[in-house]
Amino acid sequence: MKTQVIQVYHPIDPCAFNEPGRALREGQIVAFPTETVYGLGASALLPEAVLTIFRLKGRPADNPLIVHLASKEDVQHAAVQIPPVFHVLYDAFSPGPVTYVMLRNTDTIPDEVCRLSTVAVRFPSQVAARALIEAAGVPIVAPSANISGKPSPTRATHVLQDFDGKIPYVIDDGSCEVGVESTVLDILSDPIRILRPGFVTAEMIYERTGLRVVSWHEQPEDGEKDFPQAPGMKYRHYAPSARVIIVMPRADETLDKTFADTLEMHQIEKPAIFTGDRTWRALTERLGGDTADTLLPYTYDGEHDIKQATHSLFDALRTFDDQNVEAIFAEGFSEPEAAGYMDRLKRAATGVAEEESINSLRQILFLCTGNTCRSPIAEALFNDRKINGWKAVSAGLAAYPGMLISPRSAEVLHEWGIDADTHRSQPIDDHLMETTDLVVTMTDAHRDILARLYPDRKDDIVSYSVFTKDGRDIDDPYGFSLASYRSTRDRIQEGLDHLLEELRKRY
Ligand code: AMP
Ligand code: MG
């Protein structure tokens with residue numbers, strides 16, 4: 001599929017959005033800018049389109065999507081029994097980066113959007129976003145347009161990094177003004193709670209409306225919460241491949257001094273620095289030419305400026321990722337209005353475990369018989385998720401070396417925009433076993449045979465049947481119709497979330 005980039009010209013001509021608007025209405029996917037980050041849009045009314053979003057992002061099915069609307073009157077299409085406080089908050093913050101959790105209108109919004117009695121609703125202020133939603137004429141679900149776990153996109157080029165060739169349209173209107181996702185408010189609870197910190201803080205809500213809401217940092221630790229939460233907050237997010245080290249300013253010294261000390265402590269060969277340009281200049285003067293030359297900076301205009309830092313954070317993380325840096329030293333903020341920024345930065349910092357170096361990816365090996373149908377599909381689907389710290393390979397118990405992936409396996413992967421043409425089959429051997437952390441076999445029988453060959457590794461060999469919905473093997477589709485290959489692909493895909501859960505538990 002060729003991805004068409006639609007450039008936005010201002011002032012906006014509403015007709016410019018007729019084509020992507022119709023595409024959305026008909027169930028296609030359109031990525032578009034909002035004031036927070038770029039969203040991956042689909043019609044909220046079409047379960048198939050909604051499921052495509054989950055699949056493209058590799059998003060866990062229990063992490064619900066936000067429904068985006070163009071005008072306040074449309075709220076009834078998404079929610080019922082609207083609490084009066086919605087109107088107060090709407091007048092103060094919408095259109096804008098605030099999301100309201102209300103009771104879901106189950107007549108219109110399908111379970112695929114949100115498997116809860118509630119629904120999250122937002123009214124973006126970005127003009128192109130509004131024009132597009134109006135042109136579509138339907139409510140639009142739009143999670144951030146990135147592979148789950150990667151830093152969110154704040155430019156059209158970021159969207160293309162993850163989805164070029166996989167979606168029909170990207171609307172390009174430059175960089176996003178805010179730079180982090182919306183603040184999610186549970187407006188059904190009393191007092192209202194912030195379920196996800198964002199640009200709008202509890203302090204801003206109090207200032208503008210007089211309403212006291214429970215801020216993000218006032219809430220008990222995870223696990224002790226006895227009220228509804230934003231299901232997405234339990235996932236690692238926003239993680240670049242590099243290690244992230246947060247440099248918190250200290251009361252009694254300048255920020256450039258703190259940066260210099262932290263750099264000294266970590267002794268990284270080519271460290272990346274994210275801070276304001278004034279801090280950066282002071283730091284280079286302090287370190288002197290030769291040392292400063294070893295640093296890779298990404299700076300925003302000014303000094304210790306939370307708005308500028310928020311605007312640039314995700315672009316900085318992605319830029320450093322492209323440059324394959326080993327570690328990123330990023331400026332921290334302790335001010336209350338930095339809750340959203342610090343939440344994203346801390347998640348980025350824990351995305352890669354401390355002891356894990358970027359060169360030591362863990363390896364998962366999928367095993368079947370010939371290594372031409374099932375295991376290459378599993379390998380490709382796993383790698384397509386771009387799981388932080390992991391890579392997948394595959395092999396066969398009785399494989400000829402060097403065979404291509406079977407044509408029908410290649411075809412069902414192509415249907416999902418995944419290319420496995422470079423695959424070559426290989427038999428399992430000692431070296432592969434040594435470099436592999438976990439082997440996942442397509443059937444229980446494969447598991448038993450391999451465990452007999454490598455009794456010491458018995459605990460590192462599991463059968464895919466423990467991850468499938470029905471608890472059954474992934475049977476060989478070889479020689480069967482395209483439909484059987486599709487079903488193989490879909491059953492492997494269905495089990496992937498459980499498999500990832502297992503990886504989180506084990507490692
Ligand atoms: P994203 O689409 O990536 O910006 O994420 C949306 C966020 O909103 C996630 O943290 C979700 O868990 C949260 N969310 C969506 N719907 C609901 C809901 N009905 N109740 C609570 N949180 C929600
Ligand atoms: Mg997201």
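Counting starts at 1 for both ligands and their atoms, following the listed order.
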Run the ring-centre check on [X] versus [Y] and record whether the distance is less than 6.0 Å.
{"X": "Y507", "Y": "W390", "result": "yes"}
{"X": "Y38", "Y": "H158", "result": "no"}
{"X": "F329", "Y": "F274", "result": "no"}

Taking only heavy atoms of [X], which atoms of ligand 1 are found under 4.0 Å from at least one of them?
{"X": "V119", "value": "19 (N)"}
{"X": "N63", "value": "9 (C), 11 (C), 12 (O)"}
{"X": "T118", "value": "18 (C), 19 (N), 20 (N)"}
{"X": "A120", "value": "15 (C), 16 (N), 17 (C), 19 (N)"}
{"X": "C114", "value": "19 (N)"}
{"X": "P143", "value": "2 (O)"}
{"X": "I66", "value": "6 (C), 8 (O)"}

Roughly how far, to the nearest 0.5 Å, is the [atom2] atom of [Y] from the [atom1] atom of [X]?
{"X": "D107", "Y": "H77", "atom1": "CG", "atom2": "NE2", "result": "12.5 Å"}
{"X": "I29", "Y": "I167", "atom1": "CD1", "atom2": "CD1", "result": "8.0 Å"}
{"X": "I364", "Y": "I387", "atom1": "CD1", "atom2": "CD1", "result": "9.5 Å"}

Suppose we only count N/O/S atoms under 2.8 Å; would S144 qualify as near the Mg ion (ligand 2)?
yes
Answer yes or no: does atom NZ of K307 have more than 12 heavy-atom neighbours from other residues, nucleotides or ligands under 6.0 Å?
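12 or below, so no.
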Indicate, as side chain, backbone, both or neither, the part of L195 found under 4.0 angstrom from ligand 1 when only non-hydrogen atoms are considered.
side chain
Examine the proximity of ligand 1 to L116 and report which part, side chain or backbone, both or neither, has a heavy atom under 4.0 Å away.
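Side chain only.
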Closest candidate by heavy atom, reference [atom], pool [options]:
{"atom": "atom 8 (O) of ligand 1", "options": "L40, V141, V101, V184", "value": "V184"}
{"atom": "atom 14 (N) of ligand 1", "options": "P64, G39, S182", "value": "P64"}
{"atom": "atom 3 (O) of ligand 1", "options": "R104, E181, M102, R59", "value": "R59"}

Quick one: does any side-chain atom of S144 pair with a main-chain N or O of N146 as donor and acceptor, under 3.5 Å?
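Checked: no pair found.
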When you look at D111 and R104, which way does the salt bridge (Lys or Arg N to Asp or Glu O under 4.0 Å) test go after all the steps?
CA-CA 10 Å; D111 292 349; R104 175 159 65 107; 3.0 Å; yes
